[in-house]
Every structure is written in C-alpha cells, then in structure tokens.
Amino acid sequence: MAIPLLDLKAQYLSIKEEIDNAVMGVLDSCKFILGPEVKALEDEISAYCGTKHAIAVANGTDALVLALQACKIGPGDEVITSPFTFFASAETIANVGATPVFVDIDPVTLNLDIDKIEKKITPRTKAIIPVHIFGQMVDMDRLMKLAERYRLRIIEDSAQAIGAEYNGRKAGSIGDAGTFSFFPTKNLGGYGDGGMVITSDDAIAEKIRMLRFHGCKNKYYHDEVGYNSRLDEIQASILRVKFRYLDQWNQSRREKAEYYDRLLDPLIHQGKLTVPGKDPNALPVYHLYVLRSDEREKIAIDLNEKDIACGIYYPLPLHLQNAFAYLGYKLGDLPIAEEACTQALAIPCYPELTTEQQEEIVQIIFAALD
Ligand SMILES: *Cc1c(COP(=O)(O)O)cnc(C)c1O
C-alpha cells in the first residue's frame with residue numbers, strides 16, 4: 001500500500017467529528033475575522049509556550065515580516081540566518097529592506113553553526129533569525145549569550161518546531177520573538193494558511209497587533225502603514241482542536257524517529273548514512289525525519305518504486321538561489337549547507353505511520369545501500 005510523506009487524511013478522519021463541529025460553530029456564529037476563536041487560540045498558545053503574548057497572523061511568512069518590522073529591522077541593516085531552510089526565512093529579511101547574511105550550518109544538527117556567527121557580525125548586524133530546522137532546536141543558550149554580547153535581536157523561526165524545547169523552554173519563547181506557521185503540513189497545521197508571533201515584549205506585541213490590521217489601533221484611525229494579515233476564525237477553530245493533540249502527536253513522532261534510529265543503526269555504523277543529529281539539551285519534534293546519504297537518489301528511486309513517498313529538503317541552499325544572486329555568494333562559500341543539499345532525504349515520519357510501514361521502508365533502504 002502507498003505510504004505518503006504525511007497522512008493528513010488519516011489525521012482528519014481520527015478527529016473528524018471535533019473538527020466538523022468546530023467549523024460548523026464558526027459558520028453558525030458568523031464571526032469570521034478576529035473573533036473569539038483567534039483570541040482563544042492566542043491565549044492557549046501563549047500559555048503553552050510561556051510567553052506574555054501571541055498574535056495570530058495570515059501565515060508564517062508574514063509572522064517573520066511583522067516580527068522583523070516590530071524589531072525595527074529595515075534598510076541598511078544586516079540579519080544573519082541559515083542557508084539551509086525554507087526560502088521565507090531569508091526572503092522576509094529582504095522584504096523589510098534589510099540584507100540577509102548567511103552563516104554555514106553545523107553538520108550534525110543542520111542548524112546554524114554558532115561558532116561561525118561571530119566572524120559575520122558587522123556594525124550593521126541587527127538581528128539573527130535562528131531556524132529550528134526539521135523540529136530540532138538551535139543551541140539557544142549559546143546563541144542568546146552571543147546576542148547579548150553584541151546587542152542583537154533574536155527572532156526564532158519556529159515554523160517547523162512548535163512544541164520543541166531547549167533546556168525545558170519552548171521553541172519561539174527564548175528570543176525577542178518567535179514565529180510559527182500553520183501551513184497544513186506543519187506539526188500544527190490548519191486547513192489553509194495561518195501563522196503566529198509569540199513574544200513577552202509588550203512593545204513588539206503591540207506593534208504586531210497594529211501591523212496585522214492596517215497599522216490601526218482604533219478602527220478607521222491609522223497610526224502607520226501596515227498590512228491585512230490576520231488568521232481567520234475558521235482556521236483558528238480548526239487549530240484549537242488540533243492543538244489539543246499537539247503534544248501527543250509530537251511524542252508519537254519522537255517514538256517513530258527513535259525506532260528508525262534503532263533500525264538504521266547498522267547502516268550508520270557502516271558509514272552508509274546518517275540520521276537526524278541529537279542535541280542532549282533539546283527535545284525535538286521531528287517535523288521531518290531527514291537522512292543523509294551519498295546514495296540519496298538510489299534510495300529515493302527504490303522507495304518511489306514501492307509507492308513510498310520521500311522528499312528532498314532542501315535541493316538548493318539559499319545563498320545559491322537566483323533571487324539572492326545580488327548578494328554575491330558562490331558555490332563553495334558555505335560547504336556544509338551545500339553538501340547537506342546533495343545528501344538530505346526525508347522519509348515518512350508522522351503519528352499515523354505504523355511499525356510495519358517503518359520496517360518496510362527500512363528494508364528498502366537496506367536493499368538500496370547493499
Ligand atoms: C513553512 C515555513 C515558513 C513559512 O511559513 P508559511 O506559513 O508557509 O508562510 C517559514 N520558515 C520555515 C522554516 C518554514 O518551514
């Protein structure tokens with residue numbers, strides 16, 4: 001039987017009644033924008049993450065744009081981030097008129113290499129966007145020390161890491177602000193676009209609340225030029241249902257990941273592949289379970305032949321994207337990220353995946369690397 005990379009249909013069927021009731025409730029109320037569901041979701045997520053504020057917005061990309069703007073990042077500023085992430089992590093730096101500066105990644109966690117950041121800090125550097133890639137957190141203890149030393153803002157791109165922890169603190173809650181995406185395939189995904197910023201900084205929160213609603217505090221009186229960037233009530237009602245399952249689903253992802261680690265151990269010892277790296281201080285949420293192998297193409301072809309999905313995250317690092325050609329990077333500048341892009345392969349890892357399916361997938365990988 002076919003195995004998808006993520007089984008949203010199976011997930012929906014497991015909570016169908018609750019979801020359908022929630023959506024019907026919103027239709028019944030006829031409150032569609034910035035109503036009680038959005039407010040309740042904001043309260044629930046800020047309480048969960050341990051921040052003073054949560055502000056729901058239209059998507060995870062806007063969450064980054066608004067957070068950057070609320071931190072007063074703009075033209076002339078430089079913002080450091082990872083080249084090994086989804087495009088939006090750096091696109092949004094350019095969106096606010098600032099310059100993305102890429103620092104190579106750690107070969108084990110695939111997150112920003114903290115040791116390489118300092119060399120790229122200049123008098124123009126204003127902020128760092130650490131990206132908790134695939135649900136594995138950046139070393140936030142070391143990053144925050146560096147940020148304090150250089151007085152840099154930290155905006156955690158936690159789009160893939162809602163519920164992950166570093167030394168007991170939730171992803172997104174450690175820096176000045178943290179952002180989430182509720183894109184359908186994320187660990188907490190809606191049935192459409194959605195996003196959120198969390199922060200304990202009153203000024204940042206107030207600014208983002210204004211920016212998401214046309215720069216306006218009192219209706220029809222606009223203090224500045226903002227955006228229309230709101231989460232709608234239907235999405236919020238769906239997300240509130242799914243949020244109740246988030247910890248359970250994340251725990252299940254960790255169990256599947258640990259089982260893969262165990263099954264794949266012989267191949268790791270033979271040097272044929274690596275599995276997601278561990279940081280003893282972090283609690284990951286495995287948004288994706290990403291293998292690395294020089295034989296990635298062969299594994300992918302063999303899996304696809306058996307109707308098993310897999311995915312390349314990411315095929316091209318951000319410093320080599322056409323859109324950033326003006327920044328002047330070239331091949332060889334960030335070798336660890338470049339190599340990861342030739343080796344990384346995500347295999348199915350989601351709560352509804354069965355033990356038998358995992359074993360079938362691993363068998364195919366063993367045969368492919370034989
Ligand atoms: C998904 C994602 C985003 C963007 O979120 P959208 O809701 O799709 O706008 C940003 N950063 C990372 C790391 C992501 O994975």
Side-chain angles (χ1 to χ4, degrees), residues 5-6 11 45 48-50 60 81-82 84-86 89 105-114 129-144 154 156-175 178-183 185-189 196 198 242-243 245-265 268 273-293 310-311 313-314 336-337 340 343-353 358 361-362:
L5 199 53
L6 175 68
Q11 189 198 60
I45 292 187
Y48 174 80
C49 292
T81 194
S82 168
F84 189 70
T85 172
F86 180 60
S89 307
I105 57 172
D106 176 277
V108 175
T109 62
L110 305 180
N111 277 323
L112 266 181
D113 186 336
I114 310 286
I129 298 184
V131 184
H132 306 306
I133 203 72
F134 308 142
Q136 168 78 48
M137 280 187 72
V138 172
D139 181 339
M140 289 305 291
D141 290 351
R142 290 189 59 210
L143 187 70
M144 292 312 290
I154 299 289
E156 299 174 65
D157 183 343
S158 312
Q160 303 185 2
I162 189 164
E165 293 179 8
Y166 204 83
N167 278 331
R169 297 171 73 189
K170 288 276 195 285
S173 73
I174 304 169
T179 63
F180 298 125
S181 164
F182 303 131
F183 186 79
T185 59
K186 299 288 155 87
N187 286 37
L188 178 61
M196 185 172 273
I198 57 171
K242 293 179 77 170
F243 181 59
Y245 295 91
L246 180 66
D247 278 344
Q248 177 188 322
W249 284 339
N250 280 344
Q251 175 59 24
S252 174
R253 283 172 185 267
R254 278 190 290 274
E255 285 164 12
K256 313 282 168 193
E258 277 161 25
Y259 193 44
Y260 272 140
D261 287 350
R262 213 153 17 102
L263 293 173
L264 292 167
D265 196 52
I268 301 168
L273 58 71
T274 63
V275 298
K278 314 281 176 291
D279 178 335
N281 296 320
L283 182 72
V285 293
Y286 293 98
H287 171 60
L288 291 171
Y289 185 90
V290 176
L291 305 172
R292 291 180 64 183
S293 166
C310 53
Y313 298 88
Y314 292 91
I336 312 287
Q343 297 176 327
L345 185 72
I347 57 174
C349 184
Y350 51 85
E352 298 80 13
L353 189 71
Q358 284 193 277
I361 290 164
V362 167

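Note that the structure is predicted; figures quoted are calculated from it, not measured.
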**Item:** Nearest heavy-atom neighbours spanning Leu188 and Phe243
**Value:** CD1-N, 3.6 Å
**Message:** Rounded to the nearest 0.5 Å, what separates atom NZ in Lys242 from atom CZ in Phe182?
**Reply:** 11.0 Å
**Item:** Closest contact, heavy atoms only, Leu291 versus Ile347
**Value:** CD1-CG2, 3.9 Å
**Prompt:** Please walk me through it: do Tyr289 and Leu353 pass side-chain contact (heavy atoms from CB on, under 4.5 Å)?
**Reply:** CA-CA 13 Å; Tyr289 185 90; Leu353 189 71; over 6 Å; no
**Prompt:** Between Phe84 and Ala337, which heavy-atom pair has the shortest distance, and what is it?
**Reply:** CD1-O, 4.2 Å
**Fill in**
dist Leu5:CG -> Tyr313:OH (nearest 0.5 Å) comes out at 5.0 Å
**Heavy-atom pair with the smallest gap, counting every atom of Ser158 and Ala171** = OG-C, 3.7 Å
**Prompt:** Do Pro348 and Ile361 touch side chain to side chain, with heavy atoms closer than 4.5 Å?
**Reply:** yes
**Complete:** So CD of Gln11 and OH of Tyr245: to nearest 0.5 Å the spacing works out to 10.0 Å
**Test side-chain contact (heavy atoms from CB on, under 4.5 Å) applied to Ile268 and Leu273, step by step** = CA-CA 5 Å; Ile268 301 168; Leu273 58 71; 4.0 Å; yes
**Request:** Might you work through the side-chain contact (heavy atoms from CB on, under 4.5 Å) test for Asp106 and Ile336, ending with a clear yes or no?
**Result:** CA-CA 7 Å; Asp106 176 277; Ile336 312 287; over 6 Å; no
**Asked** Does NZ or CZ of Lys170 lie under 6.0 Å from the centre of the six-membered ring of Tyr48, at an angle within 45° of the ring axis?
**Response** yes
**Message:** Under the side chain to side chain contact (heavy atoms under 4.5 Å, CB included) test against Gln136, which residue among Val285, Leu288, Asn111 passes?
**Reply:** Asn111
**Request:** To the nearest 0.5 angstrom, please state how far the CG atom of Leu263 sits from the CD atom of Glu258.
**Result:** 12.0 Å
**Message:** Would the distance check show the side chain of Glu165 and the main-chain N or O of Leu283 forming a donor-acceptor pair, the cut-off being under 3.5 Å?
**Reply:** no
**Fill in**
Rounded to the nearest 0.5 angstrom, the SG-CG distance for Cys310 and Leu345 is 4.5 Å
**Message:** For a 4.5 angstrom cut-off between non-hydrogen side-chain atoms, does Tyr286 reach Pro276?
**Reply:** yes
**Request:** Return the minimal non-hydrogen interatomic distance between Ser252 and Pro351, and the atom names on each side.
**Result:** OG-CA, 3.3 Å
**Message:** Whether the side chain of Asp279 engages the backbone of Thr109 through a donor-acceptor N/O pair (distance < 3.5 Å, no angle test) should be reported.
**Reply:** no
**Item:** Arg253 side chain to His287 backbone, donor-acceptor under 3.5 Å
**Value:** yes
**Asked** Is the backbone N or O of Leu246 less than 3.5 Å from a side-chain atom of Asn187, with the two atoms forming a donor-acceptor pair by type?
**Response** no
**Message:** When you measure from the side chain of Asn250 to the backbone of Ile162, do you find a donor-acceptor pair of N or O atoms at a distance under 3.5 Å?
**Reply:** yes
**Message:** Is the shortest side-chain heavy-atom distance between Phe180 and Cys49 below 4.5 Å?
**Reply:** yes
**Val108 and Thr274, any side-chain heavy atoms less than 4.5 Å apart** = no
**Prompt:** Closest heavy-atom contact between Ile174 and Met144?
**Reply:** O-CE, 3.5 Å
**Asked** Any donor and acceptor pair, going by atom type alone, linking the side chain of Gln358 with main-chain N or O of Lys256 inside 3.5 Å?
**Response** yes
**Asked** Do Glu156 side-chain atoms and His132 backbone N/O form a donor-acceptor pair below 3.5 Å?
**Response** no
**Request:** Rounded to the nearest 0.5 Å, what's the gap from CG on Asp139 to OH on Tyr166? Could you check?
**Result:** 3.5 Å
**Request:** Would you kindly say whether Asp141 and Asn281 are connected by a side-chain donor-acceptor distance under 3.5 Å?
**Result:** no
**Request:** Output, in order, the C-alpha distance, side-chain angles, deciding distance and verdict of side-chain contact (heavy atoms from CB on, under 4.5 Å) for Val275 and Tyr260.
**Result:** CA-CA 8 Å; Val275 298; Tyr260 272 140; over 6 Å; no
